[in-house]
Amino acid sequence: MQIVTWNVNSIRARKERALAWLTTHQPDVLCLQETKVTDEVFPRAEFEALGYHVTVSGQRTYNGVAILSRVPPTEIMRRFDDGEEETAARFLTVSVERVRIICVYVPNGRVVGSEQFAYKLAWLGRLRRYLECYCDPSQLIALCGDLNVAPEARDVHDPAAWQGTVLFHPRARAALQELCAWGLVDAFRLHHSEGGMYSWWDYRQLAFPRNQGLRIDHILVTQPLALRCTGAMIDREARKGQGASDHAPVMASFSDETSSG
DNA sequence: ATGGTTGCTTAGCAA
């Protein structure tokens, strides 16, 4: 099973690219973030024509997540259901075969000290509580999405410059570590230890050709799924050229059985 | 040099 997460920065602006990418790569599951459309407007028919089931949780203008799957999804949830008010479409979870897929678009946080940064930290805390309440680390679970946090210095092109900003802040990093402490590991880091591997590059300042990026999009998996993880990669090709999202797809592959290695 | 780009929505905001 191949699972992919991709912040497309508007599914309408990226529709042709996303359709072409799916046709080429044909993953079993594609988690999308920043679709920026209401559920009625999501271009579902074009993706269904490629053989995908389309599950969406969107809103006008901002945010929006979706999960495309080759197999019909079950156990769909669109909210934390933690009793707190929520207006942003940032969370969607489904089961595909025996794997629980959780698609998230974590708040960016804008500026440290802002209301939005407090919201980001609180949101990550709610996600941790969701895992505690609704999931178990012994299950096959993949938490996929734009986490808007670079875990370590090797995930940031200029750690000194980014230190203390919302994408590489000690409190945001600690909140991400708290998620992992529940029982998740970074699928990408199971297979790659080098720095300079990023999933997002600012549109400005020629950041992509200079590889001035951050690795903020992640596929985090429970230990039983980690044991099946046969590979992971970031598709830089999808970030190239005119009309690209500012994020690249992050991919991970899993065998049907636990690997003996 | 308080800059730069993209998308949504239409000039201002969010990323």
Work out how far the [atom1] atom of [N] is from that of [M], and round it to whole angstrom.
N: B:dG3; M: B:dC8; atom1: P; value: 24 Å
N: B:dT5; M: B:dT9; atom1: P; value: 22 Å
N: B:dG12; M: B:dA1; atom1: C1'; value: 23 Å
N: B:dT6; M: B:dT10; atom1: C1'; value: 15 Å
N: B:dT2; M: B:dG7; atom1: P; value: 25 Å

So, [X] versus [Y]: side-chain donor-acceptor pair below 3.5 Å or not?
X: A:N9; Y: A:S245; result: no
X: A:W162; Y: A:H157; result: yes
X: A:Q2; Y: A:D28; result: no

Sugar-phosphate only, base, or nothing, as touched by A:F208 at under 4.0 Å among non-hydrogen atoms: nothing

Rounded to whole Å, how long is the line connecting atom [atom1] of [X] with atom [atom2] of [N]?
X: A:Y119; N: B:dA15; atom1: OH; atom2: C1'; answer: 14 Å
X: A:R204; N: B:dT6; atom1: CZ; atom2: P; answer: 11 Å
X: A:N7; N: B:dT6; atom1: CG; atom2: P; answer: 16 Å
X: A:Q59; N: B:dC8; atom1: CD; atom2: P; answer: 14 Å
X: A:K36; N: B:dC13; atom1: NZ; atom2: P; answer: 15 Å
X: A:K15; N: B:dC8; atom1: NZ; atom2: C1'; answer: 17 Å
X: A:N108; N: B:dC13; atom1: CG; atom2: P; answer: 16 Å
X: A:R17; N: B:dG7; atom1: CZ; atom2: C1'; answer: 15 Å

Partner of A:R100 under side-chain hydrogen bond (donor to acceptor under 3.5 Å, both in side chains), chosen from A:T93, A:D136, A:T222: A:T93

N or O in side chain of A:R110 less than 4.0 angstrom from B:dA14 OP1/OP2: yes

Distance below 4.0 Å between A:R12 side-chain N/O and B:dT9 OP1 or OP2: yes

Charged N-O contact under 4.0 Å between A:R110 and A:E115: no

Under-4.0 Å salt bridge between A:D256 and A:R98: no

Earlier contact from the 5' end, DNA chain B, for A:N63 and A:Y203: A:Y203

Residue mapping more 5' on DNA chain B - nearest nucleotide basis, A:A13 or A:W200: A:A13

Which nucleotide wins on minimum distance to the side chain of [X], given the candidates [options]?
X: A:R60; options: B:dT9, B:dT5, B:dG7; result: B:dT9
X: A:Y62; options: B:dA15, B:dA14, B:dT5; result: B:dA14
X: A:R14; options: B:dT9, B:dA15, B:dG7; result: B:dG7

